[in-house]
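Reminder, nothing fancy here: chain letters follow the sequence lines and each chain counts from 1.
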Amino acid sequence: MLRGPKKPELAKAYDASQVEDGIYARWEKSGYFDPDKLPGGKKKKPFTIVLPPPNATGALHVGHATMLALQDLMIRYKRMRGFAALWLPGTDHASIATQTRVEKNIQEQEKKSRHDLGRTEFLRRVDEFVEKSRDRIRNQIRKMGSSIDWSREAYTLDAPRSEAVIEIFNRMYEDGLVYRGERVVNWCVRCTSTLADDEVEYKEQKAKLYFLKYGPFSVATTRPETKLGDTAVAANPSDERYKKWIGKSFELDWGKGTKPLTIRVIGDHEVDANFGSGLVGVTPAHSAVDFRMAEKNKLSVIKVIGEDGRMLETAGKYKGMTVLEARHAFVKDLEAQGLIEKVEELTNNLSACYRCATAIEPLTSLQWFVDVNKKIPGRGKSLKELSLDAVRKGGVKIIPERFEKVYYHWMENLRDWCVSRQIWFGHRIPAWYCPDRHVTVARTVPKVCGAKGCGSKRLTQDSDTFDTWFSSGTWTFTTLGWPKKTPDLKRFHPTDVLETGYDILFFWVARMILMTTYVMKQVPFKTVYLHGLVRDEQGRKMSKSLGNVLDPLDVIPKYGTDAVRLSLVLGTAPGADAKVWDEKIAGYRNFTNKLWNVSRFILTSVSKVRRESKKPTPKTLADRWILARLEAVTAQASAHIEKYEFSPAGELLRDFSWTELADWYLEIAKIQMQDTKLKASTEKVLLHVLENVLKLWHPYMPFVTEAIWDLLAGNAKGKKFLMIESWPRVVTPAEAGAQRSRDFDLIREVIGAIRNVRSEYKVEPAKRVDATLIAGTKAKLLKENSDVIRTLARIETLTIVAKGEKPKDAASAMVGGIEACLPLAGMVDPAKEKARLEKEKANLEGFVKSLEAKLGNRGYTDNAPKGIVDKTRAMLAEKREELKKIVAALAVT
RNA sequence: GGACGCUUAGCUCAACGGUAGAGCAUCUGCUUUACACGCAGAGGGUUCAAGGUUCGAAUCCUUGAGCGUCCACCA
């Protein structure tokens, strides 16, 4: 890395791949990612973000890259603003996802199942796999430039987190918030495990609706085989057809090889009288809705499908068949008996496991549940109420706000949470059973059964593990040391921002609020910032099967991390899906290069490379303008960032850096530096603006800014990383407003108008022409800036007058009440020029007319704010003046 | 069935009640010693539709259309 010689020889194009890794290594070595190691870090106000732990299943995708870019942006911004910024990394063991993945690998490579390997060996393999992917994930996080505190890295399945999970479950048990019960759960036959309600996905499918002769009735069903487990038939109580039947029972016989069923007729408002025959066969063991009806009506429950997805003893002759086999066989038998009245086609939703897409089988099972409605002893509120309060009372603010409604709706309708999973990989449930089926929940392995008077020492631990979200729901506080009362916990919790994708609002965000309000009596975070999904150029979700997945590690070498980060942050809004594609990233790569070249110009043109931190005294209009713009942009960008408006802030900075600084001020600086009287002050302005621009950009593009900083401040005494420099001083809006001036804009417009005329008349770019500016009251201003106008508009002799007439054979243009005339002798075609002026005249006339109409309207002058009306009046005066000049110009053409 | 979001230049997005903007793409010129990953200039929009509120609507209200997402779920 170049260390800022006095006149640095810098590469023409910025090559990110040459500098990024080196800079990251130096940052990491410095220790400043750890807020305690920042200068004065212990005394600074904390700002905390915990990294949503990526699943330990493999590689990070571009969605993760977005998350890293946004969080690093916030962390770097806050660090520069004087906070002890803590960004805490980790990984999630993601029990089902990881186990599924490893099972698949082993199946493919060794043709073995996890049962072939046994629990111990299988878990060893999973750990091995996790270790490997964790390394890859860590590398990717580094590649993105994340200023994350590796010394505090955590894992949802490591010892401290295990201890915490056991402690929480015990407390919940003591508070009566967890119970073990036989209830209908979502069962994945492939995973042989339960799933939470929100882990079930729905896919539309075409299905057959069978109308069965059902005792005295007709009942429609898409799942005939479950009818072997019916214990009731339900009708809407207001349905006249069936009213008289409610409360009565009848025998139902499905034929040889099945057990006859006793069916009670019940009334339930959930039944839609207009669907099918208006009757529902109630199968309590295999439908959550039916189970609720069974509870209300005290029906018996007959389970006919087992955990392996095969029919049970209760299904009689169909025992041992898979669900689909049983369906076919049963339908065939029913047909033979003439029990099928008709079959209709219909589209319905098939529920499937969100991890392996296997069809979900609802069935009753003995599981652990968290009761979300029970009042917590001593708190007077349920988990659900606490979670709702956290957002309702403003403790947690969700961005964008509309997701608060989504959150309420979900939380209000939350049912008891099934937390036990028949998965090997995860936190083992700390519950033990004796042969008499007494339950003992404990913090450490118990020696005797906890049930009164039992005394059994033959205890076996529950073989199940916890839902992965049960442990990741504790992420904000367990990563900071809970249940120990650590200084970190005291200092950094609640955390400040949780930044994540809206797709895990329920899975994770809601669960964190639930777990944290219960355990900590605190919110987990004050603000939730939700980013959208990243889609491809055509707006499609990225997926492996479509082959449109953008791997950050593929594009970083090509365009550099800074460009990738910009492309993920700019042009996006919270909660809205964003598109990324190659050309977009390339565009930001170009900007990275632009910033590099702006710096290269400044660093190689000044007499001495140095920091110029104090605001220099401006000597020219351009100086005043660029310094005022810098202050305004600093204020506006900071305000946007404070409001989590990262894209508008970035757009503002981009426009300032490229258009205002590079295209205008740098060009003028070249002119000013020719003038010995202005050279020193111009250098100061250049260095000052550069220093601040680097700071402003640093949270967005840390690498290129740090690389340039190295060149700028490399020789300075006590040189620090840009990363820990302080943010530019933010002036108040009033201060910034006071410095606003339209004068420079006018100069720009005049130059633009002349360039336009030149281009229209195809004047060779290098050729210098003469020009006359008829400037009225602005003559003095233009004269003061005649050097700038002459050079940038390529004028040979520039004449500026207050009053005058357009020379003959000249082309002219109007701008801000000024007439710019270019006597292009021999080049101006009078007819063409006349046509051009006529067109401009017509335009102006139309505009003047509309302004006159506006001002002639009392409704407008009376009701519109005075400032607006005054502006219109001024505009009218200016346009009338221009119109007069056009008319005069036409006269001489 | 319920809720939400989007619809503005060819594409990606800004403008949040006062003459519609930017980047990319397109076209025309430029080896102007920071940058061709560049510079200068240009063209391109009944702001999805129809009503309404207002002196004034891309912006607020109503209705509708198209696209998308989430939740619930039908037996």
Side-chain angles (χ1 to χ4, degrees), chain A residues 10 12-14 197-198 202 207 209 219-223 226-227 233-234 270-272 274-283 287-290 346-349 351 400 402-403 405-406 409-410 413 502-503 505-506 532-533 537 539 559 563 570-573 575-581 583-584 586-605 647-648 651 654-655 658-659 662-663 666-667 670 751-752 755-760 762-766 791-794 847 850-851 854 857-865 867-869 871-872 875 879:
Chain A
L10 303 178
K12 224 171 158 182
Y14 173 67
D197 291 341
D198 45 304
Y202 296 93
L209 184 64
V219 162
T221 180
T222 52
R223 302 206 46 193
T226 62
K227 298 298 101 185
V233 62
E270 281 187 52
V271 178
D272 178 0
N274 298 318
F275 187 89
S277 62
L279 285 175
V280 179
V282 180
T283 322
S287 154
V289 178
D290 295 7
L346 108 166
T347 312
N348 71 352
N349 281 323
S351 42
R402 66 187 142 88
F403 279 97
K405 238 176 105 179
V406 180
H409 183 252
W410 185 83
N413 293 293
Y502 65 74
D503 52 329
L505 178 62
F506 306 139
L533 261 54
E537 193 176 0
Y559 301 114
L570 270 58
T572 68
D577 293 352
K579 295 178 185 175
V580 209
W581 64 100
E583 288 78 2
K584 184 175 176 185
Y588 288 113
R589 185 270 321 269
N590 295 354
F591 176 69
T592 319
N593 189 237
K594 188 74 187 179
L595 192 63
W596 173 257
N597 272 292
V598 165
S599 311
R600 187 158 84 104
F601 169 74
I602 296 174
L603 295 176
T604 53
S605 3
S647 179
E651 307 268 355
R654 185 196 176 281
D655 195 49
W658 201 317
T659 309
D663 290 346
L666 250 48
E667 292 308 317
K670 287 176 187 170
I751 293 166
R755 283 171 172 173
N756 183 337
V757 173
R758 292 179 59 117
S759 173
E760 244 177 83
K762 309 232 184 290
V763 180
E764 282 170 52
T791 313
L792 297 186
R794 302 219 152 232
F847 192 37
S850 78
L851 290 175
K854 211 171 184 180
N857 182 347
R858 294 267 328 242
Y860 175 71
T861 49
D862 289 355
N863 295 319
I868 298 287
V869 178
K871 244 174 91 182
T872 313
M875 176 76 79
K879 292 297 156 185

inquiry  = Regarding B:C35, can its base be found pairing with the side chain of A:R600 as donor and acceptor, where the two atoms are less than 3.5 Å apart?
reply    = no

inquiry  = Please report the distance separating the P of B:A40 from the corresponding atom of B:G5, rounded so that it comes out in whole Å.
reply    = 41 Å

Euclidean distance, atom CG of residue A:D577 to atom C1' of B:C13 [Å, nearest integer] = 14 Å

ask   = So what's the dot-bracket for RNA chain B: Watson-Crick or G-U pairs under 3.5 Å, [ ] if a pair crosses, | if it pairs off-strand?
value = (((((((..((((....[..)))).(((((.......))))).....(((((..]....))))))))))))....

query = Below 4.0 angstrom from OP1 or OP2 of B:C39, is there any side-chain N or O of A:W658?
reply = yes

P atoms of B:G43 and B:G21, separation to the nearest Å = 13 Å

Note, A:W658 side chain near A:F591 side chain (heavy atom, < 4.5 Å) = yes

inquiry  = Using the side-chain heavy atoms of A:K594, tell me which of these nucleotides is nearest: B:A75, B:A34, B:G41.
reply    = B:A34

key: Residue A:T222, side-chain atoms from C-beta onward, closest of B:A75, B:C35, B:A42   = B:A75

query = Rounded to whole angstroms, how far apart are OH on A:Y588 and P on B:A22?
reply = 15 Å

note = Against the side chain of A:V280, the closest entry in B:C35, B:G41, B:A75 is B:A75

query = Is any side-chain heavy atom of A:K594 closer than 4.5 Å to a side-chain heavy atom of A:D663?
reply = yes

request  = State, yes or no, whether a side-chain contact exists between A:Y502 and A:D577 at a heavy-atom distance under 4.5 Å.
outcome  = yes

ask   = Expressed as a whole number of Å, how far does the C1' atom of B:A42 sit from that of B:A25?
value = 14 Å

message = Taking the P atom in each of B:U19 and B:U59, what is the distance between them to the nearest angstrom?
response = 15 Å

message = Would the distance check show the side chain of A:R755 and the main-chain N or O of A:L792 forming a donor-acceptor pair, the cut-off being under 3.5 Å?
response = yes

message = Taking 4.0 Å as the cut-off, does a side-chain nitrogen or oxygen of A:K670 come that near to OP1 or OP2 on B:C39?
response = no

inquiry  = Classify A:V219 by what it touches in the nucleic acid, base, sugar-phosphate, or nothing, heavy-atom distance under 4.0 Å.
reply    = nothing

request  = Specify the residue among A:I751 and A:F591 whose closest nucleotide of RNA chain B lies further upstream toward the 5′ end.
outcome  = A:F591

ask   = Side chain of A:I868: nearest nucleotide among B:A40, B:G18, B:C74?
value = B:G18

task = Kindly indicate whether the side chain of A:D197, heavy atoms from C-beta on, has any atom under 4.5 Å from the side chain of A:F506.
result = no

message = Checking side-chain contact (heavy atoms from CB on, under 4.5 Å) between A:N593 and each of A:N590, A:N597, A:L595, which is the one that passes?
response = A:N597

message = Has A:T604 got a side-chain atom pairing as donor or acceptor with A:R600's backbone, closer than 3.5 angstrom?
response = yes

Donor-acceptor pair (no angle test) under 3.5 Å: A:K12 side chain, B:C35 base = no

Distances for protein N or O near nucleotides 4-12 of chain B N or O, under 3.5 Å:
unit_1: B:C4; atom_1: OP1; unit_2: A:K405; atom_2: NZ; d: 3.2
unit_1: B:U12; atom_1: OP1; unit_2: A:K579; atom_2: NZ; d: 3.1

key: Side-chain donor/acceptor contact of A:N348 with base of B:C74 under 3.5 Å   = no

inquiry  = Does B:G38 have its OP1 or OP2 closer than 4.0 Å to a side-chain nitrogen or oxygen of A:N590?
reply    = yes

query = Using a cut-off of 4.0 Å on non-hydrogen atoms, how would the nucleic acid contact of A:R589 be classed: base, sugar-phosphate, or nothing?
reply = base

message = Between B:G23 and B:C60, how far apart are the two C1' atoms, rounded to whole Å?
response = 30 Å

inquiry  = For A:K579 versus A:K584, what's the shortest heavy-atom pair and its separation?
reply    = O-NZ, 3.2 Å

note = Of the candidates B:G41, B:A34, B:C71, the side chain of A:F601 sits closest to B:A34

query = What integer number of Å spans the C1' atoms of B:U28 and B:G64?
reply = 45 Å

Under-3.5 Å donor-acceptor pair between A:E651 side chain and B:A15 base = no

task = Spell out, as yes or no, whether a donor-acceptor pair under 3.5 Å connects the side chain of A:K227 to the backbone of A:G281.
result = yes

ask   = Base, sugar-phosphate, or nothing for A:D663, non-hydrogen atoms under 4.0 angstrom?
value = sugar-phosphate

inquiry  = Measuring only the P atom in each nucleotide, how far is B:C11 from B:U26? A whole number of Å is fine.
reply    = 15 Å

message = Taking any heavy-atom pair under 4.0 Å as a contact, classify A:Y202: base, sugar-phosphate, or nothing.
response = base

task = Taking only Lys NZ, Arg NE, NH1 and NH2, and the carboxylate oxygens of Asp or Glu, determine whether A:R654 and A:E651 approach each other closer than 4.0 Å.
result = no

ask   = When rounded to the nearest Å, what value does the distance between P atoms of B:U7 and B:G44 take?
value = 24 Å

message = If you only use heavy atoms from C-beta on, which nucleotide in B:A75, B:C73, B:G41 is closest to the side chain of A:N349?
response = B:C73

ask   = In whole angstroms, how far is the C1' atom of B:A75 from the CZ atom of A:R223?
value = 11 Å

ask   = Tell me: NZ of A:K762 to P of B:C30, nearest whole Å?
value = 10 Å

inquiry  = Applying the 5.5 Å / 30° rule, does A:F847 stack onto the base of B:U19?
reply    = yes

query = Within the side chain of A:S647, is there an N or O that forms a donor-acceptor pair under 3.5 Å with the backbone of A:G571?
reply = yes

query = Which nucleotide in the set B:G29, B:C74, B:C35 lies at the smallest distance from any side-chain heavy atom of A:N593?
reply = B:C35

ask   = Out of B:C37, B:A14, B:A34, which has the shortest distance to the side chain of A:V598?
value = B:A34

request  = Determine the interplanar angle of the A:Y14 and A:W596 rings, folded into 0 to 90°, and report it as parallel if under 30°, tilted if 30 to 60°, perpendicular if over 60°.
outcome  = tilted

task = Describe the nucleic acid contact of A:A662 in one word from base, sugar-phosphate, nothing, applying a heavy-atom distance below 4.0 Å.
result = base

4.5 Å side-chain heavy-atom contact, A:L505 and A:W410 = no

RNA chain B: 5'-proximal contact among A:S647 and A:R654 (nearest heavy atom) = A:S647

ask   = Where the side chain of A:L666 is concerned, which of B:A34, B:A40, B:A14 is the nearest nucleotide?
value = B:A34

Which atom pairs link the protein and nucleotides 54-61 of chain B when you take only N or O atoms and keep those under 3.5 Å?
unit_1: B:C55; atom_1: O2'; unit_2: A:N857; atom_2: ND2; d: 2.9

key: Between P of B:C30 and CZ of A:R758, the distance in whole Å   = 13 Å

key: Separation of A:T861 OG1 from A:K854 NZ (nearest 0.5 Å)   = 12.0 Å

Test item: A:N756 side-chain N/O and A:G752 main-chain N/O as donor-acceptor pair under 3.5 Å = no

ask   = B:G68 P sits how many Å from A:D503 CG, rounded?
value = 19 Å

message = Nearest to the side chain of A:M875, heavy atoms from C-beta on, is which of B:A75, B:U19, B:G41?
response = B:U19

